[in-house]
Amino acid sequence: ETKSPLARLFSFNKEIFKFSTTDKKLQEEIISNQDFKALMTLVKNTRFQPCIKGSFKDGKYSILTEYHLLLPEREEILDPLIEFHKFLIRIIKNNVCK
């Protein structure tokens, strides 16, 4: 989940996203992924503020992504977002849903 521009302005912690997981290896893989980095660059340079949540229930992993669709850069965001989701599916399939 990304922080709003106002929250970033007044935050002592200058990270632009909040990351919550108990799996530190998964967190490291995501943070070092190039598609994630591309999304974070878009977050820094545009008003793109995605909220990406994953949950594991009844043997199935779900990913929910929400963001504002009226961004002028909405087409620019699609490719990195799709590639990041492909990456998430791969690592979740290999690490979580064994």
Excluding sequence neighbours, so at least two apart, what forms side chain to side chain contact (heavy atoms under 4.5 Å, CB included) with Q34?
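Listed in chain order: K37.
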By side chain to side chain contact (heavy atoms under 4.5 Å, CB included) - contacts of S62 (at least two apart)
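Only S55 meet the side chain to side chain contact (heavy atoms under 4.5 Å, CB included) criterion with S62.
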Find out whether [X] and [Y] are in side-chain contact, i.e. whether some heavy atom of one side chain is under 4.5 Å from a heavy atom of the other.
{"X": "L81", "Y": "Y67", "value": "yes"}
{"X": "L39", "Y": "P50", "value": "no"}
{"X": "I63", "Y": "K53", "value": "no"}
{"X": "F84", "Y": "I52", "value": "yes"}
{"X": "P80", "Y": "D35", "value": "no"}

Is there a chain of hydrophobic side chains (I, L, V, M, F, W, Y, each step under 4.5 Å between heavy atoms) that links [X] to [Y]?
{"X": "L64", "Y": "F48", "result": "no"}
{"X": "I91", "Y": "M40", "result": "yes"}
{"X": "L78", "Y": "F36", "result": "yes"}

From [X] [atom1] over to [Y] [atom2], what is the distance, rounded to the nearest 0.5 angstrom?
{"X": "L42", "Y": "E73", "atom1": "CG", "atom2": "CD", "value": "8.0 Å"}
{"X": "H85", "Y": "I92", "atom1": "NE2", "atom2": "CD1", "value": "9.0 Å"}
{"X": "T65", "Y": "L88", "atom1": "OG1", "atom2": "CG", "value": "7.5 Å"}
{"X": "N94", "Y": "R90", "atom1": "CG", "atom2": "CZ", "value": "8.5 Å"}

Residues which pass ring pair (Phe, Tyr, Trp, His ring centres under 6.0 Å) with F87, listed by chain and number, not counting sequence neighbours
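Listed in chain order: nothing, the list is empty.
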Please list, chain by chain and in numerical order, all residues satisfying salt bridge (Lys or Arg N to Asp or Glu O under 4.0 Å) with K86, sequence neighbours excluded.
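Salt bridge (Lys or Arg N to Asp or Glu O under 4.0 Å) check on K86 returns E83.
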Under 3.5 Å, which donor-acceptor pairs link side chains of residues 24-31 to any protein atom two or more places apart or in another chain?
{"from": "E29", "atom 1": "OE2", "to": "N95", "atom 2": "ND2", "distance (Å)": "3.3"}

